[in-house]
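Throughout, a chain's letter reflects where its sequence line sits, starting with A, and its residues are numbered from 1. The structure displayed is predicted, hence computed values, not measured ones.
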Amino acid sequence: MILFDLLFMLLVAYITGFLYYGLYRNITARFQRRLGPPVWQSFLDSIKFFSKEESISHGWMFYLGPVIMMSGAIMTLFFIPLFHTGESFKGLSSYGNLFLVLYLLVLGALGNALAVGASGNPFGVMGVTRGLSRLFALELPFYISVIALISVSGSADIVCIAASQTEWNAFAYPLLFIAALFSFVGMMGQAPFDVVGAPVEVYSGPASEFSGKFLALLMSQSAIFTFAKLVLMVHLFLGGASGFVELLAKSFGLFLFVIAFGAMYGRFKTPQSIDFLLKVPTSIAIVGLILATWS
Amino acid sequence: METGFLQEQKVLEGDLNSENSHQNSVDFLMNWFRKQSIFVLAYGTGCGAIEMPPTFTSRYDAERLGIRGAATPRQADVIIVSGYCSYKTLRRIIRTYEQMSNPKYLLALGSCTVNGGMYWDSYNTIKKLEDYLPVDMYVNGCMPRPESILEGFIALQKEIGEGKASSWQKYEENYEFYRKNQEAVLGKKVEPSYEADWYLYEGGL
Amino acid sequence: MFSEIKNRFATDDVEVKRKGLYKVVVKHERLFALIVMLKEMYDYKTLNTITCTDWIEEGHFALTYIMTTLKRNETFMLQTMILREEAHTKSLSYLFKQAQIMERDLHEMYGIKFEGNENLKELSLENWVHTPPLRREFDTLEFVNNHLTFRDGRDDNIDTKAESKRLRAIKKAEKEAAKKAKESKKAEDVQ
């Protein structure tokens with residue numbers, strides 16, 4: 001039964017992730033006053049990349065990196081329940097709590113770093129250096145907000161956090177939500193924090209040496225991972241979801257906000273983005289933490 | 001035999017109007033996916049590169065046909081040789097082309113790639129690109145407007161869909177021929193050296 | 001200033017092309033002293049460019065050094081002749097740093113050796129083994145015909161002006177014939 005659950009979750013994440021990514025490209029195109037590609041364009045891209053030939057080899061670590069990233073994304077997905085009510089589609093969430101999920105969120109970046117380091121591509125190394133240095137700044141406000149939520153709701157279980165909200169956490173603790181949202185925009189790789197894969201600076205960054213099947217794997221990984229992160233945010237701040245319609249509506253609203261935010265702003269420099277994340281969202285999160293735990 | 005302009009036109013149109021080749025269903029499906037998603041290497045080799053930004057941005061929006069830019073040769077399907085191609089550029093184009101993974105296609109823009117164009121008597125520019133690298137599709141004009149480039153892309157998509165765009169196989173099969181031609185103009189050492197001399201001397205270049 | 005240049009460096013009169021643009025032809029061995037004087041005493045601090053002209057009939061290269069002073073907004077062109085066979089002169093890079101790359105360019109395109117310039121590697125060509133391409137004895141068309149292949153169809157290209165004239169004449173004749181036919185038809189109808 002649980003196997004069926006997991007497979008179904010994976011399928012949902014894969015399809016929804018690719019649809020969301022296609023919508024992201026389409027909506028960004030509309031922001032730029034053009035027609036944009038069809039919604040299923042990313043799916044076509046990934047299938048095409050799966051059909052391409054490999055012509056390079058950089059040793060076994062290079063092959064293993066995308067696999068580590070993929071498994072990180074899938075594990076993250078499995079430990080986040082789709083719904084906080086009912087019995088089905090809980091995944092493995094009863095076996096691991098929020099701390100495990102927070103740890104798994106970083107696994108992808110580490111796998112990426114290992115693979116790119118093995119390839120030796122200078123632009124990839126630049127992208128990974130940027131990504132890892134941004135990661136620490138990115139996680140600080142997010143972790144503070146999450147710790148505040150855990151202390152408020154008295155549990156580190158995602159289902160409990162989602163179920164304990166009478167009023168959405170986003171409205172009950174707006175400061176925490178704002179701080180987490182800044183990190184979330186960065187985690188989704190959106191402007192102004194998209195220093196990692198900046199196309200004109202580091203030539204698509206960590207992905208620059210990956211081709212063919214590896215790139216297809218990375219695309220699927222990012223689709224699944226995007227969906228997992230969206231579901232996590234919905235559960236933590238937006239009151240959770242008890243059905244597919246609710247889940248899709250909430251996560252798509254959040255996704256739309258992130259896209260709009262990214263389409264409006266230009267890109268920070270790497271030190272600027274780290275500076276900003278360490279100063280503004282972190283201080284907002286600390287104030288939110290104090291206010292939330294005061295009484 | 002046609003001469004002059006007619007001959008050029010014949011080269012450009014190639015066997016676009018010939019009958020469908022027979023391909024099995026898996027090939028057909030794969031070619032359909034390849035046709036729908038074309039990643040173009042963001043690399044300009046001549047004056048024609050100036051026509052590529054409007055092709056890919058809001059005005060002409062090639063992304064609606066599934067054509068989008070790729071930053072590195074590893075991820076690209078199509079390389080555009082846009083306009084005149086000097087020996088020095090040819091070295092870089094050859095390296096870039098060989099770095100791309102199969103299946104890969106080459107689109108040549110402008111009269112210069114067809115027959116030398118206005119650089120027909122230049123000592124430093126090649127006259128026929130297809131002697132050095134296999135060309136899938138020529139787009140003539142000086143310069144071709146973005147509409148023509150899009151038309152060339154659509155013709156290329158049609159060829160890919162029918163499984164006829166196979167220049168990469170041609171390059172592998174006739175490698176000696178291409179290599180011989182490349183060495184005739186570039187010397188024994190075809191690939192450019194990785195060492196850049198601009199930081200070796202005081203005052204840079 | 002002009003009389004001083006004329007007397008000390010045994011040149012012709014300084015030619016005033018227009019206000020603030022002067023030109024003088026100076027002997028090769030006195031060129032560098034003149035450049036130093038202009039730079040140190042008359043504030044010509046900028047070396048704009050070094051150009052070369054190939055006088056193949058006279059058998060020399062004409063090197064032109066163009067210097068500018070921003071103080072008075074004046075430009076000085078110093079021309080000197082060097083022999084074509086030797087093609088050898090001194091480098092100016094110890095006075096002006098930018099001269100280094102200009103001389104590198106001239107060495108590549110004309111084969112002029114600049115003594116004292118430590119980096120005369122190729123600038124924009126790569127592995128060039130033939131005559132320097134901007135020398136006039138280098139026949140571009142011959143080189144192209146020997147080294148490169150053309151696509152068929154270039155040999156029959158027609159003079160477009162003559163061709164369009166011919167086509168226009170044909171069209172005109174046709175028009176007139178049609179007109180005549182019409183008129184004759186009209187005349188027939190009237191009758």
Where does [X] contact chain B at under 4.5 Å (heavy atoms): side chain, backbone, both or neither?
X      : answer
A:E209 : both
A:F210 : backbone
A:L215 : side chain
A:A29  : neither
A:Q41  : side chain

Need one label for [X]: side chain, backbone, both or neither, based on atoms under 4.5 Å from any heavy atom in chain A.
X     : result
B:A76 : backbone
B:F39 : both
B:S37 : both

* To do: Mind listing the closest non-hydrogen atom pair of A:F193 and A:F182 along with its distance?
  =>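 That would be CE1-O, 3.6 Å.
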
* Least distance between heavy atoms, A:L35 atom then A:R30 atom -> O-NE, 3.1 Å

* Asked: What option among B:R59, B:K35, B:R34 has the most heavy-atom pairs under 4.5 Å with chain A?
  ->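 Of the options given, most contacts go to B:R34.
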
* **Most contacts with chain A, counted as non-hydrogen pairs under 4.5 angstrom, among B:Q75, B:M100, B:K104** =>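 Ranked by heavy-atom pairs under 4.5 Å with chain A, first place is B:Q75.
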
* Asked: Salt-bridged, B:K180 to B:E176, with N to O below 4.0 Å?
  ->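 So B:K180 does not pair with B:E176 through a salt bridge.
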
* Asked: Under 4.5 Å between any side-chain heavy atoms of B:T125 and B:C112, yes or no?
  ->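 They are not in side-chain contact.
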
* Asked: Looking at A:P37, A:S211, A:G36, which has the largest count of heavy-atom pairs under 4.5 Å with chain B?
  ->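 Of the options given, most contacts go to A:P37.
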
* Report the option among A:G212, A:A207, A:S208 that has the most heavy-atom pairs separated by less than 4.5 Å from atoms of chain B. => A:S208

* To do: State whether the side chain of B:K189 and the backbone N or O of B:E191 hold a donor-acceptor pair below 3.5 Å, judged by distance alone.
  =>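 Indeed, once roles are kept as given, a pair shorter than 3.5 Å links the two residues.
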
* Looking at CZ of A:F43 and OH of A:Y14, how far apart are the two atoms once the value is rounded to the nearest 0.5 Å? -> 5.5 Å

* Euclidean distance, B:E159 CD relative to B:N31 CG, rounded to 0.5 Å ->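 These two atoms lie 11.5 Å from each other.
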
* Asked: Ring centroid separation for B:Y97 and B:Y171, is it under 6.0 angstrom?
  ->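 That pair passes the under 6.0 Å test.
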
